[in-house]
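Everything numeric here is computed off the predicted structure, so don't read it as measured data.
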Amino acid sequence: MVNVEHSGRPADAFGATAIGARLRAARLALWAVAALLSVRQVAAVLTTPSGERLTDLETWVGPNGVLHVKGSLYDSTQFTGTPFAGLVLRPLTHAAEQALGWGWTFGTLLLVVAVGLIAARALPQPVSRRTSLLAAPVAVSLLMLSLPVRNALWLGQTSVLPVLLVLAGCFTVRGQRLSGLCVGLAAAFQPTVLLFAPLLWFTGRRRAALSALAAFAASTALAWAAMPHDSYTYWVHHMAGAGLGGEADDLANQSLHGGLLRLGLTGPLEIAVFLLLGAAVAALALRRAVRYAHDGQLLLAVAVTGCAAVAASPTAWQHQLLWVLLAVVGRVGRRASDRCVWPLAVVLVTTLPAKMMLPNMQVMFPLRDNLVLLAALSAAVAVPFLSRTSPYYQEPLPTRYAPPVPARFRHVPLLPFLRRVLTRPNLLLELLLIRVTYAAYQQVRLAATGGTISGGRIRAEHHGHIVLGIERFLHIDIEHGVNHAVVNIGWLRSFFDYYYETFHFVVPLTVLAVLYSRRPVDYRWARSSLGFATLLALVGFWLFPLAPPRLMPSLGIIDTVHGVQDFSKPNYGTLTALTNQYAAMPSLHFGWALWCGVVIAVVAPRWWMKALGLLHPLFTVSAIVATGNHWVLDAVGGAAVVSAGFGLSYLCQGPRPEIVKAAALRREPAAEDAPAPR
């Protein structure tokens, strides 16, 4: 009777049972993923030599650690914890052998799992059955992947404990006094966590707020009585730990203090600006957090307060930035297609290095160096999280889809849930995905050398001789002749050098930009095809590293773009350190150019536009051969992966929607203009 609808029809009972079975299977699979990630993180720590892992823990409680020294804990500035943390850790010095490393690592792992479980149970209501079943393994997996957790495990830090104590005080323990005790103990380990006391006060839990202040004061006083000199050093001389564990302007310090120092502010002016900005951020964040707590989003309120604590702290090292990941629970955006932008941005910021998020350009350095700080500030004071009373909180504006186009084959599309979307995707989300995908592409391309650069050179040159032999058999070995003919014509050489270096990125980005603004349906089709082609090319780079003609010493090819190479050096100078010179088969220079030509030929409304589009791959293949950067067969490989990319897009999503139908649908009232759901 549980599966019978209210209408009295039991017809969907088997369907509901099937859905429940799929959800349970998905939950088990996600828990398996979380377990594998946990095992991987623990193995990465414990299989590392003892001198390179748990370095902070070894510095504190090891045989020669600072906790053994009778003098001040902060003489070497290597101990970054509060005096209370030192007081708690002192008993561990008698067990500072390998067993402590194992126990500390597994203990931290259990704390991380507990954080994930509490956060999953604290999600703002109402939540769907699917969310309630899958939230816990997803939360644990994200925590295991996050840089703060990985850093805490690697260093042997205590930073997970304050987060767990605050979550336990807000969501798990019963009684306001015990709740405040948890928050106060957390603040004793991480002082800026005391910002949660005003949150408790203004949300009606005043007894908990007073208990938190009392617990913090008692813990600090106990440490002061036991270690007065250390307490004075920490609270007065170092201003709540500023300057401990490294220079305050280090990139790892993602607080307002560190950001201002990196921007060039120093001295009393910097301190005054930091105090003013820190107070303003704390006040605005608390105001927002109280509003979200009254709205029934207490977990979001905790995340906002934690992000403010990160920003207002004198030092917020990487292992202390777990609060930023909790902000993923906030909902932003009225459209369903915009709903995933904020969670994805938070996950990327907390799991990937900043250099993968932003390009390596000097103008981007201020943003890249403070990326996590900007994310924390955004969550604390800027991001317009939706209220649960908003009509868009539960029912965002739906996404419009193109009607399915009949395919010639029975089982196409293979993934029917990937329907063609009519509206253009969120621009910020697209830029994030393009940047992260390209950064991953660069990393894989650079790594695919067959081992070391010098070792990969031998293998790549061997593959080069194989390709040359095939071309000679086919009578298409024209690289040497074309290269030397172009070198003798100055203007032609300059043209091909400029075309090779410039148009490789300019034309594909221009095509994507025009499609995004004018033809969003075709943009998604073209982008998916390009992504598949690039992924297949990475497989080729990895399996078949190939030396281009200009890096084959016996051929006499002149490198017109990069200049003369010194073949006596195994790395050919600094160029190989920037990119993998042996990622030549297939040629993405030609592959991307062919993709541009095909897309322009398909979507352009005028014949002369189609002709210009098809000229681009012709000029590109001429440039890559004339400059000595690719073999003719590399271009054939590029054409193959692009063809496969379009084919995979067709197989997964079905035929491209017809232009007439898509245009007719675009003339219909947009979903964004529809009245809000009630």
Side-chain angles (χ1 to χ4, degrees), residues 56 77-82 85 115 143 146-166 186-196 234-235 238-263 265 270-271 273-286 289 302-328 346 349-354 357 366-382:
D56 283 1
T77 71
Q78 292 179 327
F79 184 72
T80 60
T82 62
V115 168
L143 288 170
S146 67
L147 290 173
V149 168
R150 286 152 55 190
N151 197 259
L153 283 168
W154 186 265
L155 296 176
Q157 274 282 354
T158 61
S159 52
V160 179
L161 183 59
V163 179
L164 178 60
L165 286 173
V166 170
F189 282 96
Q190 192 173 332
T192 51
V193 172
L194 201 61
L195 194 61
F196 283 93
Y234 180 88
W235 291 107
H238 281 288
M239 198 177 70
L244 296 175
E247 297 295 332
D249 62 349
D250 191 273
L251 294 181
N253 180 16
Q254 290 293 307
S255 69
L256 276 171
H257 180 46
L260 291 174
L261 291 174
R262 287 189 291 272
L263 291 176
L265 291 179
E270 187 275 329
I271 295 176
V273 173
F274 165 62
L275 293 177
L276 287 175
L277 288 179
V281 168
L284 290 174
L286 278 174
V302 169
V304 168
T305 308
C307 289
V310 167
S313 175
T315 53
W317 304 115
Q318 189 177 76
H319 55 82
Q320 298 171 329
L321 303 177
L322 195 55
W323 301 106
V324 181
L325 183 58
L326 295 179
V328 76
V346 172
V349 166
T350 54
T351 57
L352 296 180
M357 298 291 296
L367 293 177
R368 192 182 70 177
D369 295 346
N370 303 288
L371 192 59
V372 181
L373 170 61
L374 293 175
L377 288 173
S378 300
V381 301

Listing, residues 243-252 side-chain donor-acceptor contacts under 3.5 Å, not counting sequence neighbours, or none:
from, atom 1, to, atom 2, distance (Å)
D250, OD1, A252, N, 2.8

Review point. Which residue pairs pass the side-chain hydrogen bond (donor to acceptor under 3.5 Å, both in side chains) test when at least one of the two sits in residues 367-382, sequence neighbours left out?
Key: R262-N370, N360-R368
Check your understanding: So which heavy atom on L377 is nearest to which on A311, and how close?
Key -> CD2-CB, 3.6 Å
Check your understanding: Is W154 close to D56 at the side-chain level, that is, under 4.5 Å between some pair of heavy atoms?
Key -> no
**Study point:** Nearest heavy atoms of P191 and Y234, plus distance in Å
**Key:** CG-OH, 3.6 Å
Check your understanding: Any idea which heavy atoms bring M357 and L352 closest together, and the distance?
Key -> SD-CD1, 4.4 Å
Exercise for review: Please round to the nearest 0.5 Å and tell me the distance separating atom CG of L325 and atom SG of C307.
Suggested key: 9.5 Å
Review point. P366 and L263: which non-hydrogen atoms are nearest, and at how many Å?
Key: CB-CD2, 4.4 Å
Check your understanding: For A186, which residues count as a side chain to side chain contact (heavy atoms under 4.5 Å, CB included) partner, sequence neighbours excluded?
Key -> P162, L165, V166, V193
Check your understanding: With sequence neighbours left out, what residues match L321 under side chain to side chain contact (heavy atoms under 4.5 Å, CB included)?
Key -> P148, Q254, V310, A316, V372
Review point. For L147, which residues count as a side chain to side chain contact (heavy atoms under 4.5 Å, CB included) partner, sequence neighbours excluded?
Key: R150, Q318
Check your understanding: Roughly how far apart are L261 CG and S255 OG, rounded to 0.5 Å?
Key -> 8.0 Å
Point to revise | L143 side, atom CG; L322 side, atom CG - distance, nearest 0.5 Å | key: 5.5 Å
Point to revise | Selection residues 302-316 - residue pairs positive for side-chain hydrogen bond (donor to acceptor under 3.5 Å, both in side chains), sequence neighbours left out | key: none
Review point. What is the minimum heavy-atom distance between V349 and A375, and which atoms define it?
Key: CG1-CB, 4.0 Å
Study note, to complete from the structure: Heavy-atom closest pair (A285 atom, V304 atom, distance to 0.1 Å) is O-CG1, 3.6 Å
Review point. If you measure from OG1 on T80 to CH2 on W317, what distance do you get to the nearest 0.5 Å?
Key: 8.5 Å
**Study point:** Separation of T158 OG1 from Q320 CD (nearest 0.5 Å)
**Key:** 8.0 Å
Revision key, fill the gap. d(H257 NE2, L373 CG) to nearest 0.5 Å is 12.5 Å
